[in-house]
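None of these values were measured; they are calculated from a predicted model.
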Amino acid sequence: MAGISMKSCMCLVVFAVFLGISGFAAVDGAGECGKSTTPDREAFKLAPCASAAQDQNAAVSSQCCAQVKKLGQNPACLCAVMLSNTAKSSGVKPEVAMAIPKRCNLADRPVGYKCGDYTLP
């Protein structure tokens with residue numbers, strides 16, 4: 001009987017691990033930026049915004065504004081990108097980056113959207 005109990009226990013452990021792995025894959029697959037990308041991948045598209053995201057007095061290029069406008073259609077993705085590990089390691093200052101949609105004069109920007117500790121102006 002102890003052998004059956006141990007076998008049942010191992011099956012439950014394997015099943016629990018499988019569910020855990022499946023659950024994490026589902027979360028990654030349907031993240032803030034959709035199924036086919038991640039905030040860190042999307043952050044590379046904002047390379048034209050690098051200086052503007054580090055210095056509030058730096059000019060915001062039209063290429064930067066075009067990318068922010070695209071990402072701004074999904075505020076959760078825009079937020080995740082601005083707070084991503086890629087953005088952080090690139091020297092992005094979140095409090096400066098959050099103002100880029102306003103600095104681009106985007107009329108349809110997500111004003112008031114809560115982004116972690118920040119709010120989009």
Side-chain angles (χ1 to χ4, degrees):
M1 198 121 180
I4 293 173
S5 178
M6 183 62 120
K7 185 176 181 181
S8 296
C9 183
M10 283 300 291
C11 286
L12 285 174
V13 168
V14 169
F15 183 68
V17 169
F18 175 76
L19 284 178
I21 292 170
S22 297
F24 287 124
V27 169
D28 287 343
E32 297 91 342
C33 296
K35 292 181 180 181
S36 62
T37 190
T38 65
D40 284 307
R41 285 188 195 150
E42 291 298 306
F44 287 108
K45 295 178 182 177
L46 293 180
C49 301
S51 61
Q54 296 170 1
D55 178 3
Q56 63 187 3
N57 297 317
V60 183
S61 71
S62 59
Q63 295 89 359
C64 171
C65 291
Q67 290 299 326
V68 170
K69 183 173 181 146
K70 285 180 191 176
L71 283 176
Q73 294 171 358
N74 179 350
C77 180
L78 180 62
C79 176
V81 167
M82 290 184 175
L83 297 176
S84 69
N85 290 330
T86 299
K88 288 177 191 171
S89 66
S90 299
V92 168
K93 295 179 181 174
E95 65 278 6
V96 176
M98 296 301 159
I100 290 176
K102 182 178 181 179
R103 291 165 60 197
C104 288
N105 295 315
L106 299 179
D108 57 347
R109 69 184 185 272
V111 176
Y113 187 84
K114 286 294 288 175
C115 189
D117 293 336
Y118 308 95
T119 302
L120 291 170

Where is the tightest heavy-atom contact between [X] and [Y], given as atom of each residue plus distance?
X	Y	answer
P39	V81	O-CG2, 3.6 Å
G116	C79	N-SG, 4.2 Å
V68	P101	CG1-CG, 3.7 Å
M98	Y118	CG-CB, 3.7 Å
S84	D40	CB-OD1, 3.3 Å
S51	A59	OG-O, 4.4 Å

Problem - side-chain hydrogen bond (donor to acceptor under 3.5 Å, both in side chains) partners of residues 59-71, not counting sequence neighbours, each pair once - result: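 Residue pairs with at least one partner in residues 59-71: S61-Q63.
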
Practice task
Taking R103 for its side chain and A52 for its backbone only, find out whether a donor-acceptor pair lies under 3.5 Å.
Solution key: yes

Practice task
Return yes if some donor-acceptor pair links the side-chain N/O of N74 with the main-chain N/O of E32 below 3.5 Å, else return no.
Solution key: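 Checking the backbone N and O of E32 against the side chain of N74, a donor-acceptor pair under 3.5 Å is found.
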
Problem - Residue pair C49, C64: steps toward the disulfide (SG to SG under 2.5 Å) verdict - result: CA-CA 5 Å; C49 301; C64 171; 2.0 Å; yes

Does some side-chain heavy atom of [Y] sit less than 4.5 Å from a side-chain heavy atom of [X]?
X	Y	result
Y113	L78	no
D55	V96	no
E42	L71	yes

Problem - Neighbour count above 12 (heavy atom, 6.0 Å) for Q54 CD - result: yes

Handout entry: Nearest-0.5 Å distance that lies between atom SG in C115 and atom CE in M82
Key =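 Here the rounded value is 7.5 Å.
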
Practice task
Hey, could you give me the CG/CD distance between L106 and Q73, rounded to the nearest 0.5 Å?
Solution key: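 One finds 10.0 Å between CG of L106 and CD of Q73.
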
